[in-house]
2 protein chains.
Amino acid sequence: MGDELRGLADLDRIIHEPARLLIVTILSTVESADFLFLQREAGLTKGNLSAHLGKLEEAGYVEIKKTFKGKLPLTVCKLTKAGSKALTLYRQQMARFIDSTG
Amino acid sequence: MGDELRGLADLDRIIHEPARLLIVTILSTVESADFLFLQREAGLTKGNLSAHLGKLEEAGYVEIKKTFKGKLPLTVCKLTKAGSKALTLYRQQMARFIDSTG
DNA sequence: TAAACTGGTTTGTACTGCAGACTGGTTTGC
DNA sequence: GCAAACCAGTCTGCAGTACAAACCAGTTTA
């Protein structure tokens, strides 16, 4: 068996989860994004998004800044260097797998 | 956001799990495989492999035949048509995602 | 001032993956 | 001949996960 397959075993589970893969991918295309924008784009419930952002922040993949837009709270999310790197690595692993088996 | 991203939301979770992706990918390269061969190739514990095979069988993605090799039990696994199709679809979705964002 | 909305967080539940304990049978050592 | 080790798997318990619904603090609208 090729290494591409063995590589599957150590995929980054933080990134591998589809909802989070969606989130980080969206974040990778913008400078930053607020909570509701992400919710609409990703099609997630608030609770779900909140939880996933929590994990991504804990993993050091996104930076979350709580501010205010006028008087309303506003949560702004931004992919970190580490997050960007993790996403790139993940895509490389997946691409390797697909190329090797497709 | 492109459809490639939305597509992430409905990835086949049965296939998406790395251990199972590994299993079905291995099975896609051989006519059939017995339990211990799969265990060695995939690097999984017996318990783990047994559970995953159960799910794959339940999903209709693998066919499991219990026979004997001499006097010892032997479990032979084979990818079904549906399993092969599911794997192909999964790879297409992933390829689409990677191409669109890479 | 009450009702409805905004922008989220916390809670509860059901599912999942995983390793280790266990089972039924077989071969080996003594 | 029988105990110990081994083979081929399954079952069990636990820790972690995702998800939606309930909740909360504050703000705008009626």
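Labels below follow one simple rule: chain letters A, B, ... track the order of the sequence lines, proteins then strands, and each chain is numbered from 1.
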Hey, does the side chain of A:Lys69 come within less than 4.0 Å of C:dG7's phosphate (OP1/OP2), counting only N and O?
yes

Salt-bridge criterion met for A:Glu57 and A:Lys78 (N-O under 4.0 Å)
no

Would you mind reading off the distance between A:Ile15 atom CD1 and D:dA18 atom P, rounded to a whole angstrom?
12 Å

When you match A:Gly47 and A:Pro73 each to their closest nucleotide on DNA chain D, which lands nearer the 5' end?
A:Gly47

How long is the span from the OG1 atom in A:Thr25 to the CZ atom in A:Arg20, to the nearest 0.5 Å?
12.5 Å

Is any side-chain nitrogen or oxygen of B:Arg20 closer than 4.0 Å to OP1 or OP2 of C:dG17?
yes

Rounded to whole angstroms, how far apart are NE2 on A:His16 and C1' on C:dG17?
12 Å

Across the strands shown, which category fits A:Gln39 at heavy-atom distances under 4.0 angstrom: base, sugar-phosphate, nothing?
nothing

Under-4.0 Å side-chain N/O to phosphate OP1/OP2 contact, A:Asn48 with D:dA18:
no

Could you state the CG-C1' distance from A:Leu44 to C:dG8, rounded to the nearest angstrom?
14 Å

Take the protein atom CZ of A:Phe68 and the nucleotide atom P of D:dT28, then report the distance between them rounded to whole Å.
12 Å

With a 4.0 Å cutoff (strictly under), does any side-chain N or O of A:Lys55 reach OP1 or OP2 of D:dA18?
yes

Atom CG of B:Leu36 and atom P of D:dC6 are separated, to the nearest Å, by 15 Å

Whole angstrom is fine here: how far is it from CZ in A:Phe35 over to C1' in C:dC5?
16 Å

From C-beta outward on B:Leu72, which listed nucleotide comes closest to its side chain: C:dG8, C:dG7, C:dT26?
C:dT26

Consider side-chain contact (heavy atoms from CB on, under 4.5 Å). Of A:Leu27, A:Val30, A:Leu49, which one does A:Cys77 pass it with?
A:Leu27

Does C:dG8 have OP1 or OP2 sitting under 4.0 Å from an N or O in the side chain of A:Ser50?
no

Separation of C:dG17 atom P from A:Leu11 atom CG, nearest Å, is 14 Å

Rounded distance (Å) that lies between atom C1' of C:dG17 and atom NZ of B:Lys46:
19 Å

Ignoring hydrogens and geometry beyond distance, is a side-chain donor-acceptor pair present between B:His52 and B:Asn48 at under 3.5 Å?
yes

For B:Lys71, answer base if it contacts any base atom (sugar-phosphate contacts may also be present), sugar-phosphate if it contacts only those atoms, and nothing otherwise; contact means non-hydrogen atoms under 4.0 Å.
sugar-phosphate

Less than 4.0 angstrom between a side-chain N/O of A:His52 and OP1 or OP2 of D:dC19, yes or no?
yes

Is the phosphate of D:dT10 approached by B:Lys66 (side-chain N or O, under 4.0 Å from OP1 or OP2)?
yes

Exercise: identify the closest heavy-atom pair between A:Thr80 and A:Val62:
CG2-C, 3.7 Å

At 4.0 Å (heavy atoms only), tell me whether A:Leu49 reaches a base, stays on the sugar-phosphate, or touches nothing.
nothing

OP1 or OP2 of D:dA20 under 4.0 Å from side-chain N/O of A:Thr45:
yes

Rounded to the nearest 0.5 angstrom, the CD-CG distance for B:Glu41 and B:Leu36 is 12.0 Å

Just compare C:dT27, D:dC19, D:dT27 and give me whichever is closest to any side-chain atom of A:Ala19.
D:dC19

Toward the 5' end of DNA chain C, by each residue's nearest nucleotide, A:Arg13 or A:Ala51
A:Ala51

What's A:Leu74 touching, base or sugar-phosphate or nothing? Going by heavy atoms closer than 4.0 Å.
sugar-phosphate

